[in-house]
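Let me begin by presenting the structure, written as structure tokens, before commenting on it.
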Amino acid sequence: MAAELIAFACLSQQMSDLVISLVYIIYMTGMGMNIGTIMTNALASLKPDFSAQGNAFLNTIQHLPAPLGLL
């Protein structure tokens with residue numbers, strides 16, 4: 001994912017639309033593979049009584065930036 005971000009930051013002016021799309025697909029694949037692990041580790045650190053609240057919080061945090069155009 002870091003390589004994709006560097007490619008976007010440094011080379012985006014010289015990239016064609018197809019290359020930008022491919023770099024973005026690779027980046028989002030990395031995001032998809034990481035988000036499940038991150039959520040699982042975060043929820044595992046909570047007491048069982050708070051797992052429902054933790055899951056709701058993480059889902060809210062995940063969906064809240066989308067309408068603002070931050071994702």
Side-chain angles (χ1 to χ4, degrees):
M1 287 176 42
E4 311 312 325
L5 286 175
I6 291 170
F8 272 137
C10 298
L11 304 173
S12 61
Q13 297 295 323
Q14 293 86 15
M15 290 180 176
S16 68
D17 292 341
L18 178 63
V19 174
I20 289 174
S21 297
L22 292 174
V23 169
Y24 184 72
I25 288 169
I26 294 169
Y27 174 74
M28 290 309 292
T29 301
M31 287 288 289
M33 292 187 326
N34 285 326
I35 197 69
T37 304
I38 292 168
M39 289 181 71
T40 300
N41 287 336
L43 291 173
S45 66
L46 295 175
K47 293 180 183 176
D49 297 341
F50 295 112
S51 67
Q53 290 88 353
N55 195 13
F57 178 76
L58 289 174
N59 283 326
T60 301
I61 294 299
Q62 188 176 13
H63 291 110
L64 187 63
L68 301 174
L70 301 175
L71 291 178

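Values below: every heavy atom of this structure, side chains too, minus hydrogens, waters and symmetry copies.
- Note on Leu64: it does not cluster hydrophobically with Ile35, by side-chain heavy-atom contacts below 4.5 Å among ILVMFWY residues.
- Among all heavy-atom pairs drawn from Gly54 and Leu43, the shortest one is C-CD2, 3.5 Å.
- Going from atom CG of Leu22 over to atom CG of Leu18 covers 4.5 Å, rounded to the nearest 0.5 Å.
- For Asp17, the CG atom sits in a loose shell: 12 or fewer heavy atoms of surrounding residues, nucleotides or ligands are nearer than 6.0 Å.
- Atom CG of residue Leu58 and atom OG of residue Ser51 lie 11.0 Å apart, to the nearest 0.5 angstrom.
- Here the CD1-CD distance, from Ile25 to Glu4, works out to 11.0 Å after rounding to the nearest 0.5 Å.
- When the side chains of ILVMFWY residues are joined at heavy-atom separations under 4.5 Å, either directly or via intervening members, Leu11 and Ile20 end up in a single hydrophobic cluster.
- Rounded to the nearest 0.5 Å, atoms CE (Met28) and CE (Met1) are 8.5 Å apart.
- More than 12 heavy atoms of other residues, nucleotides or ligands lie within 6.0 Å of CZ in Phe8, so this atom counts as buried by the packing criterion.
- Taking both residues in full, the closest heavy atoms of His63 and Asn59 are given as ND1-O, 2.8 Å, listed atom of the first, atom of the second, then distance.
- When the side chains of ILVMFWY residues are joined at heavy-atom separations under 4.5 Å, either directly or via intervening members, Val23 and Met31 end up in a single hydrophobic cluster.
- Put simply, OH on Tyr24 and OG1 on Thr29 are 10.5 Å apart, with the number rounded to the nearest 0.5 Å.
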